[in-house]
Participant: 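Before I ask anything, here is the structure I am working with.
Note that the structure is a prediction, hence the values are computed from the model and not measured. The sequence lines fix the lettering, A, B, ..., with proteins before strands; numbering per chain opens at 1.
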Amino acid sequence: MSEFTEIWSYLSRGPLLWLTATLAAYALADAIFRASGRSPFANPVLISVVILGIVLHLSGTPYATYFEGAQFVHFLLGPAIVCLALPLYDNLGRLRRAILPVGAALLAGSLTAMLVTLGLARAFGIDGTLLASLAPKSATAPVAIGVAEHIGGSPTLAAVLAILTGITGAILATPLLNLLRLTDWRARGFALGVTSHGIGTARALQVNPTAGAFAGLGMVLNAVATALLAPLILPVFQ
Amino acid sequence: MIHAILAILLCQMAGEILSRLSGMPVPGPVIGLVLLATGLSAFPRLRDIVRPVAQSILGNLALLFVPAGVGVIGHLSALASHAGALVVIFLGSTAAAISVGALTFTAVARLSGSRDE
């Protein structure tokens with residue numbers, strides 16, 4: 001028993017345990033996602049977060065200790081955003097032919113996300129740091145963090161709210177867009193990327209390669225649009 | 001593989017430097033994306049080098065959001081005190097933005113005659 005305690009205290013201090021746990025939780029979540037027939041409701045990010053949240057809670061591990069191991073995975077977010085250049089490049093011709101719908105949908109989607117979020121939040125009496133952290137929630141996490149800091153929000157809270165938005169969009173998109181009878185994969189992917197950034201793009205890539213490429217474009221364009229628009233729109237609601 | 005990773009990291013690093021120098025609120029990796037896309041159109045060989053690594057990273061994109069997502073446990077009490085409002089905000093704003101975005105795309109594509117392929 002004391003040997004076990006010793007091994008546990010060794011493992012719980014280093015990055016090995018929580019890096020392994022992150023990959024194991026995701027492998028399990030991905031298996032559940034596949035077993036569900038790739039149902040949007042079995043979102044792998046959501047399942048992984050729930051599994052790891054329960055494990056951390058039961059083992060009494062602080063988030064900072066967990067993140068020391070998980071940072072190796074987290075670091076890859078930056079390079080992954082750079083890598084989206086590839087599907088964008090592969091679809092450059094089709095993107096050029098869709099320049100008008102892309103511009104219009106970007107403006108409409110980005111503004112709707114921010115105005116409805118801030119309008120509803122004010123109606124519920126939310127203000128201060130939480131309101132400012134909600135404003136950039138449709139932008140990809142690294143952008144949401146930067147924008148929130150700039151406009152008086154909390155960076156870690158902004159990251160969490162952005163990820164929750166990404167998960168919400170990835171779950172809602174397929175049933176919602178089927179309900180609206182929209183069949184253009186470009187429109188479906190682009191709107192999802194604008195609204196739900198990388199997690200929406202990951203979902204779009206699972207569904208259809210065209211949707212994936214346009215989702216990547218939507219994410220990138222909305223990162224820029226949110227960075228420019230959020231500081232102008234937030235003061236209207238403060 | 002090393003050359004692909006090197007190319008990707010160099011684009012990200014150049015993006016971070018440009019982001020800070022310009023003082024623009026656009027994050028480094030997004031500028032890095034534009035730099036890599038420019039590189040891909042200029043150098044055909046770069047596409048073959050970058051493709052396998054970029055595809056395997058993007059194939060597991062969802063995994064990369066897990067560590068930051070677990071950070072939700074540190075904000076549970078703040079989120080719980082507004083739980084009902086936040087559920088309405090998340091569902092309402094996300095459904096509205098996806099619908100408005102996709103409907104706008106489809107309508108403008110029809111008006112401007114932009115068809116796929």
Participant: If you tally heavy-atom pairs under 4.5 Å against chain B, which of V45(A), I145(A), T112(A), L92(A) wins?
Facilitator: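 Answer, by heavy-atom pair count under 4.5 Å with chain B: T112(A).
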Participant: State, yes or no, whether a side-chain contact exists between L86(A) and R51(B) at a heavy-atom distance under 4.5 Å.
Facilitator: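 SC-SC contact between L86(A) and R51(B) confirmed.
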Participant: Side chain from CB out, backbone as N, CA, C, O: work out which of these in L130(A) comes under 4.5 Å of a heavy atom of chain B, or both, or neither.
Facilitator: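 The side chain, not the backbone.
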Participant: Taking every heavy-atom pair that is under 4.5 Å apart, which of V70(B), V88(B), V108(B), L36(B) has the most such pairs with chain A?
Facilitator: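 Sorted descending by pairs with chain A, the first entry is V70(B).
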Participant: When heavy-atom pairs shorter than 4.5 Å are enumerated against chain A, which of S93(B), A4(B), G101(B) gives the highest number?
Facilitator: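 Among S93(B), A4(B), G101(B), the one with the most close pairs to chain A is S93(B).
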Participant: Mind ranking L58(B), V30(B), V34(B) by heavy-atom pairs under 4.5 Å with chain A and telling me who comes out on top?
Facilitator: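 Of L58(B), V30(B), V34(B), L58(B) has the most heavy-atom pairs under 4.5 Å with chain A.
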Participant: In terms of heavy-atom proximity below 4.5 Å to chain A, should I57(B) be classed as side chain, backbone, both, or neither?
Facilitator: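 I57(B) touches chain A through side-chain heavy atoms alone.
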Participant: What's the separation between atom CZ in F33(A) and atom OH in Y26(A), rounded to the nearest 0.5 Å?
Facilitator: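 OH of Y26(A) is found 8.0 Å from CZ of F33(A).
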Participant: Is it the side chain or the backbone of L79(B) that comes within 4.5 Å of chain A heavy atoms, both, or neither?
Facilitator: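 It is the side chain, since no backbone atom gets that close.
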Participant: With a 4.5 Å heavy-atom cut-off (strictly below), which parts of residues 37-45 of chain B touch chain A? List them by number.
Facilitator: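 Listed by number, the contacting residues are A37(B), L40(B), S41(B).
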Participant: If you define the side chain from C-beta out and look only at heavy atoms, does anything of R188(A) sit under 4.5 Å from N178(A)?
Facilitator: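 When only atoms from C-beta onward are counted, N178(A) and R188(A) do touch, with a gap below 4.5 Å.
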Participant: Applying side-chain contact (heavy atoms from CB on, under 4.5 Å), name anything that partners I5(B), two or more places apart in sequence or on another chain.
Facilitator: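 Only M1(B), L9(B), V53(B) meet the side-chain contact (heavy atoms from CB on, under 4.5 Å) criterion with I5(B).
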Participant: Do K137(A) and T226(A) have side-chain atoms, one donor and one acceptor, less than 3.5 Å apart?
Facilitator: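 No, no side-chain donor-acceptor pair sits under 3.5 Å.
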Participant: Ignoring hydrogens, what is the shortest heavy-atom contact between L177(A) and A102(B)? Give both atom names and the distance.
Facilitator: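 Where L177(A) meets A102(B) most closely, the heavy atoms are CD2-CB, 3.6 Å.
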Participant: What residue, out of V220(A), D30(A), L118(A), has the most heavy-atom pairs lying under 4.5 Å from chain B?
Facilitator: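 Heavy-atom pair counts peak at V220(A).
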Participant: Counting heavy-atom pairs closer than 4.5 Å to chain A, which one of V100(B), V66(B), L63(B), V50(B) comes out on top?
Facilitator: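 So the answer, after comparing V100(B), V66(B), L63(B), V50(B), is L63(B).
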Participant: Rounded to the nearest 0.5 Å, what separation is found between the CE atom of M219(A) and the CD1 atom of I199(A)?
Facilitator: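 M219(A) atom CE to I199(A) atom CD1 measures 11.0 Å (nearest 0.5 Å).
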Participant: Mind checking the CD-CG spacing from Q12(B) to L35(B)? Nearest 0.5 Å is all I need.
Facilitator: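 So the gap between those two atoms works out to 11.0 Å.
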Participant: Do S138(A) and S196(A) have side-chain heavy atoms sitting under 4.5 Å apart?
Facilitator: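 No, too far: nothing below the 4.5 Å cut-off.
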Participant: What part of L176(A) gets closer than 4.5 Å to chain B, counting heavy atoms only: side chain, backbone, both or neither?
Facilitator: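 Interface part for L176(A): side chain.
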Participant: Counting only non-hydrogen atoms closer than 4.5 Å, does L103(B) touch chain A with its backbone (N, CA, C, O), its side chain (CB onward), both, or neither?
Facilitator: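 Both parts, heavy atoms under 4.5 Å.
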Participant: Side chain, backbone, both or neither: which part of P87(A) has a heavy atom under 4.5 Å from chain B?
Facilitator: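 Just the side chain, heavy atoms under 4.5 Å.
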Participant: Could you pull out the closest heavy-atom pair between I151(A) and A135(A), with the gap in Å?
Facilitator: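 Here I151(A) and A135(A) meet closest at CD1-CB, 4.0 Å.
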Participant: Measure L205(A) against the heavy atoms of chain B and call it side chain, backbone, both or neither at under 4.5 Å.
Facilitator: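 Just its side chain gets close to chain B.
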Participant: With only heavy atoms counted, which part of S154(A) is less than 4.5 Å from chain B, the side chain, the backbone, both or neither?
Facilitator: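 Answer is side chain: those atoms of S154(A) sit under 4.5 Å from chain B.
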Participant: Just verifying a value: how many Å separate T156(A) OG1 and H75(B) NE2, rounded to the nearest 0.5 Å?
Facilitator: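 T156(A) atom OG1 to H75(B) atom NE2 measures 3.0 Å (nearest 0.5 Å).
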Participant: Heavy atoms only, distances under 4.5 angstrom: which of P62(A), S48(A), A85(A), G189(A) has the most pairs with chain B? Name it, please.
Facilitator: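 Option with the greatest count: A85(A).
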Participant: Taking L134(A), T201(A), L120(A) one by one, which has the highest count of heavy-atom pairs under 4.5 Å against chain B?
Facilitator: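 When all of L134(A), T201(A), L120(A) are compared, L120(A) has the most.
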Participant: Contact part of L115(A) toward chain B, heavy-atom cut-off under 4.5 Å: side chain, backbone, both or neither?
Facilitator: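 Neither part.
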Participant: Please tabulate, one pair per line, all N/O donor-acceptor pairs under 3.5 Å involving side-chain atoms of residues 159-171 of chain A, not counting sequence neighbours.
Facilitator:
| unit_1 | atom_1 | unit_2 | atom_2 | d |
| --- | --- | --- | --- | --- |
| T165(A) | OG1 | L161(A) | O | 2.8 |
| T168(A) | OG1 | L164(A) | O | 2.6 |

Participant: Can you check whether V194(A) reaches L221(A) side chain to side chain, under 4.5 Å on heavy atoms?
Facilitator: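 A side-chain contact is absent here, since even the closest heavy-atom pair is not under 4.5 Å.
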Participant: Kindly determine whether H197(A) and N222(A) satisfy side-chain contact (heavy atoms from CB on, under 4.5 Å), including the steps that lead there.
Facilitator: CA-CA 8 Å; H197(A) 52 85; N222(A) 194 39; over 6 Å; no
Participant: By a 4.5 Å heavy-atom criterion (distance strictly below it), what part of N43(A) contacts chain B: side chain, backbone, both, or neither?
Facilitator: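 Interface part for N43(A): neither.
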Participant: Does any backbone or side-chain atom of V50(A) lie under 4.5 Å from a heavy atom of chain B? Answer side chain, backbone, both or neither.
Facilitator: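 For V50(A), there is no contact with chain B at all, as no heavy atom is under 4.5 Å.
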Participant: Return the option, out of L192(A), T140(A), V102(A), with the maximum number of heavy-atom pairs under 4.5 Å with chain B.
Facilitator: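 Option with the top pair count is V102(A).
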Participant: Heavy-atom pairs under 4.5 Å with chain B: which of L52(A), V224(A), L84(A) has the most?
Facilitator: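 Greatest number of close heavy-atom pairs with chain B: L84(A).
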Participant: Answer with side chain, backbone, both or neither: which region of T183(A) has an atom nearer than 4.5 Å to a non-hydrogen atom of chain B?
Facilitator: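 It is neither, since no heavy atom gets under 4.5 Å.
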Participant: Considering only heavy atoms, which portion of R110(B) lies under 4.5 Å from any heavy atom of chain A: side chain, backbone, both, or neither?
Facilitator: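 When you check distances to chain A, no heavy atom of R110(B) falls under 4.5 Å.
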Participant: Check the orientation of F105(B) and F214(A). Use parallel for under 30°, tilted for 30 to 60°, and perpendicular for over 60°.
Facilitator: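 Plane angle over 60°, so perpendicular.
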Participant: Once you round to the nearest 0.5 Å, how far does SG of C83(A) lie from CD1 of I8(B)?
Facilitator: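 So the SG of C83(A) and the CD1 of I8(B) are separated by 3.5 Å.
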Participant: Measure L182(A) against the heavy atoms of chain B and call it side chain, backbone, both or neither at under 4.5 Å.
Facilitator: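 Side chain only.
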Participant: Can you tell which part of L88(A) gets under 4.5 Å to a heavy atom of chain B, answering side chain, backbone, both or neither?
Facilitator: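 When you check distances to chain B, only side chain atoms of L88(A) fall under 4.5 Å.
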Participant: Quick check for you: among A7(B), G74(B), S99(B), which has the greatest number of heavy-atom pairs under 4.5 Å with chain A?
Facilitator: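 Option with the top pair count is S99(B).
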Participant: Between D184(A) and T106(B), do the side chains contain an N or O donor and an N or O acceptor separated by less than 3.5 Å?
Facilitator: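 Distance-only check fails for D184(A) and T106(B).
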Participant: Which one, G28(B), G32(B), A62(B), A109(B), leads in non-hydrogen pairs under 4.5 Å with chain A?
Facilitator: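 Looking at each of G28(B), G32(B), A62(B), A109(B) in turn, A62(B) comes out on top.
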Participant: Could you go through residues 66-82 of chain A and list every donor-acceptor pair under 3.5 Å that involves a side-chain atom there, pairing it with any protein atom two or more places apart or in another chain?
Facilitator:
| unit_1 | atom_1 | unit_2 | atom_2 | d |
| --- | --- | --- | --- | --- |
| Y66(A) | OH | T22(A) | OG1 | 3.0 |
| Q71(A) | NE2 | E68(A) | O | 2.8 |

Participant: If we ignore angles and hydrogens, is there a donor and acceptor under 3.5 Å between the side chains of T210(A) and R94(A)?
Facilitator: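 Yes - a donor-acceptor pair under 3.5 Å links their side chains.
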